[in-house]
2 protein chains.
Amino acid sequence: MTLPERTVERLSEYRRSLLQCLEEGKTHIFSHELAGLHHNTAVQVRRDIMFIGYTSMQRKGYDVRELIDVIGDILDSGKGLNVAVIGIGNLGRAVTTYFVGKRSKLNIIATFDVDTTKIDRVISGVKCYPINRMKEIVEANNISIAIVTVPADSAAEVTAQLVEAGIMGLMNFTTVPLNVPDEVYLDEYDMITSLEKVAYFVKSPRN
Amino acid sequence: MTLPERTVERLSEYRRSLLQCLEEGKTHIFSHELAGLHHNTAVQVRRDIMFIGYTSMQRKGYDVRELIDVIGDILDSGKGLNVAVIGIGNLGRAVTTYFVGKRSKLNIIATFDVDTTKIDRVISGVKCYPINRMKEIVEANNISIAIVTVPADSAAEVTAQLVEAGIMGLMNFTTVPLNVPDEVYLDEYDMITSLEKVAYFVKSPRN
DNA sequence: TGGAAATTGTGATTTAATTAACAATATTTT
DNA sequence: AAAATATTGTTAATTAAATCACAATTTCCA
């Protein structure tokens, strides 16, 4: 059984709020509290939690620690995955420092760039390799996810190489859509689109 | 009439592909061609274009230049908007350089940071101001959209100040959800969530 | 010229996601 | 211990988004 995409997203978000709660010494949380921390309703929270088959102590709310673990069983299930960041411009560096150490099951273990002055530089503990060694290093280190932050005009080529190297998941931060075979999961995030959307809805009175 | 959110996103993406087509000297484009450039079907493209009320020359495809203009009428309608980037770390710099000069109707005209060593620095032609002058500068320059790239622990405070200063749209790149009044449009993008989602779908065979 | 082929525009249908509604259960109050 | 209250879990209803199906139109080709 595969969870709805949006549910997966929300679970990831819930988990982080829950970890925060745990730090603050909170042991139980109600659906409406968790909803309040996100832009969300209590029903939605309960529905999401229903999907992962966890049930609370009736009337006491969800056990924070247990819920974190159950979400972990879903999101981190099985072995951890190795991740590479392709392109170490501002965005690549941002993404790398963002992620390193954050989630133990997702390890950024290499970055790549064409710029020879960046080779062997270490960003947040992760070493930068020349992009022409990508296939070799991806294969040797069993890297299954790549985060693509290269300039638009090299995105297609880099992607082809990554697919060739056997990557299974891709996050695309460039401004061009990428093409990958069906079996590769692709998540595209386009900042320009997001900004234009914000501008549109700022101007158009929504409902 | 307000367009569906997803349609607005796709229109933004279509426009960029169309501009590219124009550069390549293409004057007409079929719905299936445009679909092929995105992860999309021909019907979806036609439906989106139907929403904005444009109709093509039957059987010749859409006139690229006209379609660009019609999308522009929707997305850029009326006056341009002024934008500020809050927090000039790696991500803030990435976003700023990304956007500057890209879309003429959305002008990044200021960046802000707490770090005094960054004050007065110019990133891609945009000057950095101390964050305590935010309200003053936002008001004086009629800035209506803010892109928030500050560290998680200052996000809430910065947001409150932005709302106070009369901002109307917000893009949140921090890892904590923000709270804004209903009349402020909020778009949240959470990289950690996206990465965890990719990891989940890489492991779970989808459909 | 007439039929085959290609393409659009759109009503109807399907699917996915969200929300409403409420029974079941546990807790608190009186 | 009965009644009132709060909360969950889930079925049913609604809404939003995507897809199907096809008539209408234009172009192409024999």
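Chain A is the first sequence line, chain B the second, and so forth, proteins listed ahead of strands; every chain is numbered from 1.
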Among all residues two or more places apart in sequence or in another chain, which pass the ring-ring contact (aromatic ring centres under 6.0 Å, His included) test with A/His32?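 Scan of A/His32 (ring-ring contact (aromatic ring centres under 6.0 Å, His included), adjacent residues dropped) gives A/Phe30.
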For the backbone of [Y] and the side chain of [X], can you confirm whether one donor and one acceptor N or O come within less than 3.5 Å of each other?
X: B/Lys105; Y: B/Gly78; result: yes
X: B/Tyr189; Y: A/Ser194; result: no
X: A/Asn141; Y: A/Asn82; result: no
X: A/Lys203; Y: B/Ser77; result: yes

Can you check the [X] [atom1] to [N] [atom2] distance for me, whole Å?
X: B/Met50; N: D/dC20; atom1: CE; atom2: C1'; result: 15 Å
X: B/Tyr54; N: C/dG9; atom1: OH; atom2: P; result: 9 Å
X: B/Leu67; N: C/dG9; atom1: CG; atom2: P; result: 10 Å
X: A/Phe51; N: C/dT19; atom1: CZ; atom2: P; result: 14 Å

Under the side-chain hydrogen bond (donor to acceptor under 3.5 Å, both in side chains) rule, what do B/Ser12 and B/Arg16 come out as? Steps first, then yes or no, please. CA-CA 7 Å; B/Ser12 160; B/Arg16 269 171 291 145; 3.2 Å; yes
What is the per-nucleotide protein-contact pattern of nucleotides 13-18 of chain D, from the 5' end, where B denotes a base atom under 4.0 Å from a protein heavy atom, S denotes such proximity for sugar-phosphate atoms only, and - denotes neither? ----SS
Counting primed atoms plus P, OP1 and OP2 as sugar-phosphate and everything else as base, spell out the protein contacts along nucleotides 21-28 of chain D at 4.0 Å heavy-atom distance: B, S or - for each nucleotide, 5' to 3'. B---SBB-
Does any residue of residues 28-39 of chain B have a heavy atom under 4.0 Å from DNA chain C, and if so, which ones, in number order?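 Here the set is B/Phe30, B/Ser31, B/His32.
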Please table the atom pairs, donor to acceptor, closer than 3.5 Å between any side-chain atom in residues 162-177 of chain A and protein atoms at least two apart or in another chain.
| unit_1 | atom_1 | unit_2 | atom_2 | d |
| --- | --- | --- | --- | --- |
| A/Asn172 | OD1 | A/Thr174 | N | 2.8 |
| A/Asn172 | OD1 | A/Thr174 | OG1 | 2.7 |
| A/Asn172 | ND2 | A/Val176 | O | 2.9 |
| A/Asn172 | ND2 | A/Glu188 | OE1 | 2.6 |
| A/Thr174 | OG1 | A/Val176 | N | 3.4 |
| A/Thr174 | OG1 | A/Val176 | O | 3.2 |

Could you go through residues 64-76 of chain A and list every donor-acceptor pair under 3.5 Å that involves a side-chain atom there, pairing it with any protein atom two or more places apart or in another chain?
| unit_1 | atom_1 | unit_2 | atom_2 | d |
| --- | --- | --- | --- | --- |
| A/Glu66 | OE1 | A/Tyr54 | OH | 2.6 |
| A/Asp76 | OD1 | A/Arg15 | NH2 | 3.3 |
| A/Asp76 | OD2 | A/Arg15 | NH1 | 2.8 |

So which atom in A/Thr41 and which in A/Ala35 form the shortest heavy-atom distance, rounded to 0.1 Å?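 Scanning both residues completely, I find the closest heavy atoms to be C-CB, 3.3 Å.
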Among A/Thr96, A/Asn107, A/Ile88, A/Thr97, side chain to side chain contact (heavy atoms under 4.5 Å, CB included) partner for A/Val126: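 Exactly one option meets the side chain to side chain contact (heavy atoms under 4.5 Å, CB included) with A/Val126, and it is A/Thr96.
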